[in-house]
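Not measured: the values here are computed from a predicted model. Order of listing sets the numbers, starting from 1, for every ligand and every atom in it.
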Amino acid sequence: MWYQQPPTFAEVEANFTLPVFVKGSRQTSKHQAAASIIRSSEDFATALKIFKSDPILHWQDFVCRELLPLRPIAGGAKGKIPASYEFRTFWWRGELVGAGRYWFEAESYDWTNLERQEGLAVAKRAVDAVDCAFVVIDLAQTTEGRWVIIECNSGMESGYAGASPFAIWEAIARAETLDG
Ligand SMILES: Nc1ncnc2c1ncn2[C@@H]1O[C@H](COP(=O)(O)OP(=O)(O)O)[C@@H](O)[C@H]1O
Ligand SMILES: [Mg+2]
């Protein structure tokens, strides 16, 4: 749900069963857990207080989602959203040009060939739906092994995360040269 004004807790409860995940329509505040992970009305009050005063959050629209159980990974940083099994994928004109792990504040991890294949198939559905020349799809695996899209972003506005910048730009240059 996307709210132009932060909702009341009653409004959230009318549409969701707790727990929920809250963020700005553009982004979280540096993955701060207290501003995003809501398990009770007290958590919501705290998150709302942060939302209204935080320089990254206060001007954004307010987004509320179902909190999904994501497959955890070891490591992570105190006070931050727990790191999970997530990957950032880069797509140029509908073709994959790079992928890598999303979390750096955690121990290193890498997907198996099968996981990669299954995850990319889900990402590709988002790529086709968004239909944008340069798009980045972040995806995560749930504890049940299902792949879900976390967010879709402009390629020009995304950090590389664990993807290789050289490999990405080489793949794009190659695609453009062959197409041209
Ligand atoms: N619905 C959700 N359920 C569980 N965890 C989530 C959910 N949405 C986001 N997250 C977690 O929070 C992290 C940050 O959320 P994200 O939407 O990527 O915000 P940002 O734009 O600030 O990176 C994600 O990488 C993921 O680990
Ligand atoms: Mg993100």
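- Of all protein heavy atoms, the one closest to atom 22 (O) of ligand 1 is Thr28 OG1, 2.6 Å.
- The nearest heavy-atom contact from the protein to atom 20 (P) of ligand 1 is Glu151 OE2, 3.4 Å.
- Because its NZ or CZ atom is not both nearer than 6.0 Å to the ring centre of Tyr102 and within 45° of the ring axis, Arg88 does not count as a cation-pi partner of that residue.
- Using modelled atom types and a 3.5 Å distance limit, the side chains of Ser29 and Asp54 yield a donor-acceptor pair.
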Could you go step by step and tell me if Gln60 and Lys23 meet the side chain to side chain contact (heavy atoms under 4.5 Å, CB included) rule? CA-CA 9 Å; Gln60 298 187 58; Lys23 65 178 284 194; over 6 Å; no
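- The local environment of CG in Asp128 is crowded, with over 12 non-hydrogen atoms from other residues, nucleotides or ligands closer than 6.0 Å.
- Annotation for ligand 1: atoms under 4.0 Å from non-hydrogen atoms of Leu68 are 2 (C), 3 (N), 4 (C).
- Proximity of the aromatic rings of Phe9 and Phe44 is defined here by a centroid distance below 6.0 angstrom, and this criterion is met.
- The protein atom (non-hydrogen) at minimum distance from atom 23 (O) of ligand 1 is Tyr102 OH, 2.9 Å.
- Of all the listed residues (Gln27, Gln32, Arg65), Arg65 holds the heavy atom that lies closest to atom 9 (C) of ligand 1.
- Each of the atoms 27 (O) of ligand 1 lies under 4.0 Å from some heavy atom of Ser84.
- Only the backbone of Glu66 comes within 4.0 Å of ligand 1, judged by heavy-atom distances.
- Side-chain atoms of Glu11 and Tyr3 form no donor-acceptor pair, as typed in the model, at a separation below 3.5 Å.
- Using a non-hydrogen distance threshold of 4.0 Å, Asp138 does not register as a contact of ligand 1.
- No option in Val135, Ile172, Val127 other than Ile172 meets the side-chain contact (heavy atoms from CB on, under 4.5 Å) test with Trp92.
- Taking atom 5 (N) of ligand 1 as the reference point, the nearest protein heavy-atom neighbour is Leu70 CD1, 3.5 Å.
- Across all non-hydrogen atoms, the minimal contact from Leu70 to Glu86 is CD1-OE2, 4.2 Å.
- Taking the six-membered ring for Trp and the full ring otherwise, the centers of Phe87 and Trp111 sit less than 6.0 Å from each other.
- In this structure, atom 15 (O) of ligand 1 lies nearest to the protein heavy atom Phe21 CZ, 3.7 Å.
- Applying the 4.0 Å criterion to heavy atoms of Lys23 picks out, from ligand 1, the atoms 16 (P), 17 (O), 19 (O), 21 (O).
- Sorted by chain and number, the protein atoms of type N, O or S within less than 2.8 Å of the Mg ion (ligand 2) are Tyr102 OH, Glu151 OE2.
- Of the possible donor and acceptor atoms, one in the side chain of Lys80 sits under 3.5 Å from a partner among the backbone N and O of Lys30.
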Ile81/Phe21 under side chain to side chain contact (heavy atoms under 4.5 Å, CB included): CA gap, chis, key distance, verdict: CA-CA 10 Å; Ile81 293 161; Phe21 184 93; 3.8 Å; yes
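- Looking at atom 25 (O) of ligand 1, its nearest protein heavy atom turns out to be Glu86 OE1, 2.6 Å.
- For Gln141 and Arg71, the side-chain atoms include at least one donor-acceptor pair closer than 3.5 Å.
- Counting heavy atoms under 4.0 Å from ligand 1, residue Ile81 touches it through the side chain alone.
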